[in-house]
2 protein chains.
Amino acid sequence: MAKSDSSTDPASAPLPARRRLLDTATRLFYALGIHAVGIDRIIAEAGVAKATFYSHFPSKDDLVVAYLEEQDRIGRAAVAALPKLPPRRMLSAILGRISTAGMAGDFRGCPFLNAAAEYTDPVSPVRRAIDARRAWYHGVLRDLLAADGDPAPEVTASLLVALSDGLLEIAYLDDPRSVPALIEAGLARLLVAR
Amino acid sequence: MAKSDSSTDPASAPLPARRRLLDTATRLFYALGIHAVGIDRIIAEAGVAKATFYSHFPSKDDLVVAYLEEQDRIGRAAVAALPKLPPRRMLSAILGRISTAGMAGDFRGCPFLNAAAEYTDPVSPVRRAIDARRAWYHGVLRDLLAADGDPAPEVTASLLVALSDGLLEIAYLDDPRSVPALIEAGLARLLVAR
DNA sequence: ACACTACCAGACAGGTCTGTATGGTTCAAC
DNA sequence: GTTGAACCATACAGACCTGTCTGGTAGTGT
């Protein structure tokens, strides 16, 4: 079976069709919403046959989960790639990612919050992917706050999660240019130096 | 024309069919999402003929706008009905509405944020209804903060808007029982007593 | 008696949705 | 050269979508 041949290992090198499908789905789901984009459009813009699509993803929901899991991996990698700094600088850098994302012209809010608005079953695979993302983000903030000496890192972390969610909505719906100053002001008031 | 006959004024007494349609649409749109609910289901559960529906609402989007505008009116009336108290007590009461809403078993987040996730055109009537709601809410908070002596009421109001949006998401996706304490802690830190 | 309004019931058109099935092409391994 | 995997193209089924249309009924004002 030549399974030991590492130069053509299919697991380490994602196949073109799957990659194109996921890229196209990511672009369309994020820009237009999930229910608003059909499989026919995704396969047409990806240049993939329908049977090929269904050989890679058993159903549309599997594609949605793959889309969210990839966004989650990208976010975690970006945070992991941040230079090691004191906890407060790390928190500032992590929250700062909201303003840089919001400045992009095609910003349309948080992919996870948008998906949660469309998927109402709390035990569905889509919602579980969203839960995993939120739990990871809360944990990152909590650990940094604990290292910073916050007396109640769980509470402060939840407040920073709420602030992050809300600033993403402000960047999407109100004015993204106001976000950098709001991050600074919000952190200054929510972090307990008092 | 008998337009002056006030006892049968059709504007002051909403007609049963329209009322039933709006009630049913509100329940289904909120619980399941907007794109996920079709006209056929709404008219079936409301017990209204399709022609009657389209005589009251020229299109589905008009029904969506009517749904959001009614939610907006309800929210404004609830705030207007609050007893007159000092600014900080008023802010506490307004934010406190998030926790009471979140405790309801069928809570599914903010209707406006959920609708914004599904409607991507920023100049569509749906998004304009959302904009109006957010501008009103920001203005209410800003005026209370100014009366409270906040030196930068616009910034603090935006932070409280973000906190409100985020706490609604926490109540929907994470744990609604944590929200009351987060409101108290968030207000204590964001309002400048310092 | 007559007209008018509001409403219900259901068929219909034209399109889109997810998912399955059929058949043909390319390419690499052996 | 043969086999098999991966892929493309397309047709199809069955359901659902929005919106229009026809026709019938009940009540109300004149």
Side-chain angles (χ1 to χ4, degrees), chain A residues 1-25 28-29 32-67 118-121 124-126, chain B residues 1-25 28-29 32-67 118-121 124-126:
Chain A
M1 291 298 181
K3 274 271 174 65
S4 58
D5 184 348
S6 64
S7 69
T8 57
D9 187 354
S12 68
L15 298 165
R18 185 179 219 277
R19 184 69 261 157
R20 266 174 1 237
L21 284 167
L22 201 42
D23 288 344
T24 305
L28 294 176
F29 284 161
L32 303 174
I34 296 171
H35 286 356
V37 177
I39 294 295
D40 283 346
R41 179 162 180 188
I42 293 170
I43 65 172
E45 297 200 15
V48 169
K50 194 172 253 192
T52 303
F53 167 79
Y54 278 102
S55 79
H56 284 290
F57 303 97
S59 75
K60 182 186 177 181
D61 274 7
D62 290 276
L63 176 63
V64 176
V65 170
Y67 151 61
E118 295 200 63
Y119 281 79
T120 68
D121 180 0
S124 67
V126 170
Chain B
M1 292 298 183
K3 275 270 173 65
S4 59
D5 185 348
S6 65
S7 69
T8 59
D9 187 354
S12 68
L15 299 163
R18 184 178 219 276
R19 184 71 262 156
R20 262 171 9 234
L21 285 167
L22 202 41
D23 289 344
T24 305
L28 294 175
F29 284 160
L32 303 174
I34 297 171
H35 286 357
V37 177
I39 294 296
D40 282 345
R41 177 160 180 190
I42 293 170
I43 65 171
E45 296 199 16
V48 169
K50 197 172 250 192
T52 304
F53 168 79
Y54 277 102
S55 77
H56 285 290
F57 302 97
S59 75
K60 182 186 177 180
D61 273 6
D62 290 275
L63 177 64
V64 175
V65 170
Y67 152 60
E118 294 200 65
Y119 281 78
T120 68
D121 180 1
S124 66
V126 171

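Naming convention: chains lettered A, B, ... in sequence-line order (proteins, then strands); numbering from 1 in each chain. Side chains included, hydrogens not; waters and symmetry mates left out as well; all remaining heavy atoms used.
- The side chain of B:Ala17 lies closest to C:dC7 when the candidates are D:dC7, C:dC7, C:dT22.
- Of the candidates D:dC8, C:dG19, D:dC21, C:dG19 carries the atom nearest the A:Tyr54 side chain, counting heavy atoms from C-beta on.
- Computed from coordinates, the A:Ile39 CD1 to D:dA11 P distance equals 20 Å when rounded to whole Å.
- Residue B:Ile43 contributes atom CD1, which lies 16 Å from atom C1' of C:dA6 at whole-angstrom precision.
- Note that CZ of A:Arg18 and NE2 of A:His56 are 7.5 Å apart. Values are rounded to the nearest 0.5 Å.
- The side chain of B:Lys50 lies closest to D:dT20 when the candidates are D:dT20, C:dA9, C:dT18.
- For B:Arg41 and D:dT18, the CZ to P distance is 12 Å, given to the nearest whole Å.
- For the pair B:Arg18 CZ and C:dC8 P, the interatomic distance rounds to 14 Å; values are reported in whole Å.
- Atom CD1 of B:Ile42 and atom C1' of D:dT18 are 12 Å apart (whole Å).
- Of all non-hydrogen atoms in A:His35 and A:Lys60, the two that sit nearest each other are CA-NZ, 4.2 Å.
- Considering every non-hydrogen atom in both A:Arg20 and A:Gly47, the closest pair reads NH2-O, 3.2 Å.
- Proximity note for A:Ala51 (side chain, C-beta onward) versus C:dA21, C:dC8, D:dC7: the nearest is C:dA21.
- Between A:Thr52 and the phosphate of D:dC8, there is a side-chain N or O to OP1/OP2 separation shorter than 4.0 Å.
- Distance CD1/A:Ile42 to CG/A:Leu22: 10.0 Å, rounded to 0.5 Å.
- Atoms OH and CD1, from A:Tyr119 and A:Ile34 in turn, are 5.0 Å apart once rounded to the nearest 0.5 Å.
- Taking the side chain as every heavy atom from C-beta outward, B:Val48 and B:Thr24 never approach each other to under 4.5 Å.
- With rounding to whole Å, B:Ile34 atom CD1 is found 21 Å from D:dC16 atom P.
- Sorted by first then second residue, the salt bridge (charged side-chain N to carboxylate O under 4.0 Å, His left out) pairs that include residues 35-44 of chain A, not counting sequence neighbours, are A:Asp40-A:Lys50, A:Arg41-A:Glu45.
- Here B:His56 reaches the OP1 or OP2 of C:dC7: one of its side-chain N or O atoms lies under 4.0 Å away.
- For the pair A:Phe53 CZ and D:dT10 P, the computed distance is 19 Å after rounding to whole Å.
- If you check C:dA9, C:dT18, C:dC7 against the side chain of B:Ala49, the one that comes closest is C:dA9.
- For DNA chain C, the residues of residues 58-67 of chain A within the heavy-atom distance limit of 4.0 Å (strictly under) are A:Ser59, A:Lys60, sorted by number.
- In terms of phosphate contacts, A:Arg20 brings a side-chain nitrogen or oxygen within less than 4.0 Å of OP1 or OP2 of D:dC8.
- Counting to the nearest Å, the P atom of D:dC16 and the CG atom of A:Asp40 are 18 Å from each other.
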